[in-house]
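Below: the structure, in structure tokens.
Just so we're clear, the structure is a prediction, and the values are computed from it rather than from any experiment. In what follows, chains are A, B, ... by sequence order, proteins preceding strands, each numbered from 1.
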Amino acid sequence: MGRIPCCEKDNVKRGQWTPEEDNKLSSYIAQHGTRNWRLIPKNAGLQRCGKSCRLRWTNYLRPDLKHGQFSDSEEQTIVKLHSVFGNRWSLIAAQLPGRTDNDVKNHWNTKLKKKLSGMGIDPVTHKPFSHLMAEIATTLAPPQAAHLAEAALGCFKDEKRTTKLSTRLSLTFQRLRKRNLK
DNA sequence: AAGCTCTTCAACCGCAATCAC
DNA sequence: TGTGATTGCGGTTGAAGAGCT
């Protein structure tokens, strides 16, 4: 029972693509296009499943793709669009010519999330952490809020780049403690 | 130089949406 | 209109290289 596999896994190669496989796939698509991914590996003489071929083509082999670093303006676009659309990577990638959803997703997860956190901005809500802490302080009971602020402070105190954030959290924490003591 | 940890990113997985009949 | 096949999408994984001790 269960889900029908997209292909016979026993007869299918997995893992990194070789230049030879890339050539086979590229030249087949150049001649026949990308209709029916299920048949493409068979007809192109590849021991891969159609899904793997489609991914390789859309994320790496397509001739219109950019392969270099993301520019500052591309990064700004991603951050802006992410604040509106969230993790709708294909929607975001559609606004960046030559970039794929996988590219954008990887770049967000490895670079931009950290960059925003380092600037004291929550990468999920795109609000400053201090603002979120203030919101928490008004929502939770004082002892819980103080406990949470202390935990958050502990998470960030060793990060050089988050000194400002740490200072802000520290102030929030102090305010909560005062409130708690009243 | 060796071993360990961290970072990056290509590739995979499974679900949802869409298509074809 | 229902159903199976195909495609698209977002989350996750793991290999490889870089950096650190």
| Those residues of residues 15-36 of chain A lying under 4.0 Å from DNA chain B by at least one heavy atom |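 Within this stretch, A:G15, A:Q16, A:W17 sit under 4.0 Å of the strand.
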| For DNA chain B, which residues in residues 66-105 of chain A have a heavy atom at a distance below 4.0 Å? |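 Hits under 4.0 Å, by residue number: A:N102.
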| note | Residues pairing under salt bridge (Lys or Arg N to Asp or Glu O under 4.0 Å) where one sits in residues 102-111 of chain A, two or more places apart or in two chains, turn out to be none
| task | Output every pair passing salt bridge (Lys or Arg N to Asp or Glu O under 4.0 Å) with a member in residues 82-102 of chain A, not counting sequence neighbours, ordered by first then second residue. | result | A:E74-A:R99
| message | Determine whether a donor-acceptor pair (N or O, by modelled atom type, separation under 3.5 Å) exists between the side chain of A:R62 and the backbone of A:T58. | response |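 At least one qualifying donor-acceptor pair exists.
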[X] has an atom [atom1]; how far is it from atom [atom2] of [N], in whole Å?
X      : N      : atom1 : atom2 : value
A:L39  : C:dA5  : CG    : P     : 14 Å
A:K113 : C:dT12 : NZ    : C1'   : 12 Å
A:R38  : C:dG8  : CZ    : P     : 15 Å
A:N106 : C:dT13 : CG    : C1'   : 11 Å
A:N59  : C:dG10 : CG    : C1'   : 12 Å
A:I40  : C:dT6  : CD1   : C1'   : 12 Å
A:L55  : C:dG10 : CG    : P     : 13 Å
A:W108 : C:dG11 : CH2   : P     : 12 Å

Under 4.5 Å side-chain heavy-atom separation, chaining through any Ile, Leu, Val, Met, Phe, Trp or Tyr, what else clusters with [X]? Say none if it is isolated.
X     : result
A:L39 : none
A:W57 : A:W17, A:L25, A:Y28, A:I29, A:W37, A:I40, A:L46, A:Y60, A:L61
A:L55 : none

| query | Does any non-hydrogen side-chain atom of A:S117 lie less than 4.5 Å from one of A:P123? | reply |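 Yes - at least one pair of side-chain heavy atoms lies under 4.5 Å apart.
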For [X], what residues pass the salt bridge (Lys or Arg N to Asp or Glu O under 4.0 Å) criterion, not counting sequence neighbours?
X      : answer
A:D122 : none
A:D72  : none
A:R56  : A:D22

| query | How would you label the contact of A:R54 with the nucleic acid (heavy atoms, under 4.0 Å): base, sugar-phosphate, or nothing? | reply | base
| When all nucleic acid strands are considered with a 4.0 Å heavy-atom cut-off, which category describes A:T58: base, sugar-phosphate, or nothing? | nothing
| request: Could I get the full list of ring pair (Phe, Tyr, Trp, His ring centres under 6.0 Å) partners for A:H107, not counting sequence neighbours? | output: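 With sequence neighbours excluded, A:H107 shows a ring pair (Phe, Tyr, Trp, His ring centres under 6.0 Å) to A:F70, given in chain and number order.
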| message | From the set B:dA10, B:dC12, C:dT6, return the single nucleotide nearest to any side-chain atom of A:R14. | response | B:dC12
Name the pairs: protein N/O against N/O of nucleotides 4-8 of chain B, kept only if under 3.5 Å.
residue	atom	partner	partner atom	Å
B:dT8	OP2	A:T110	O	3.1
B:dT8	OP2	A:K114	NZ	3.3

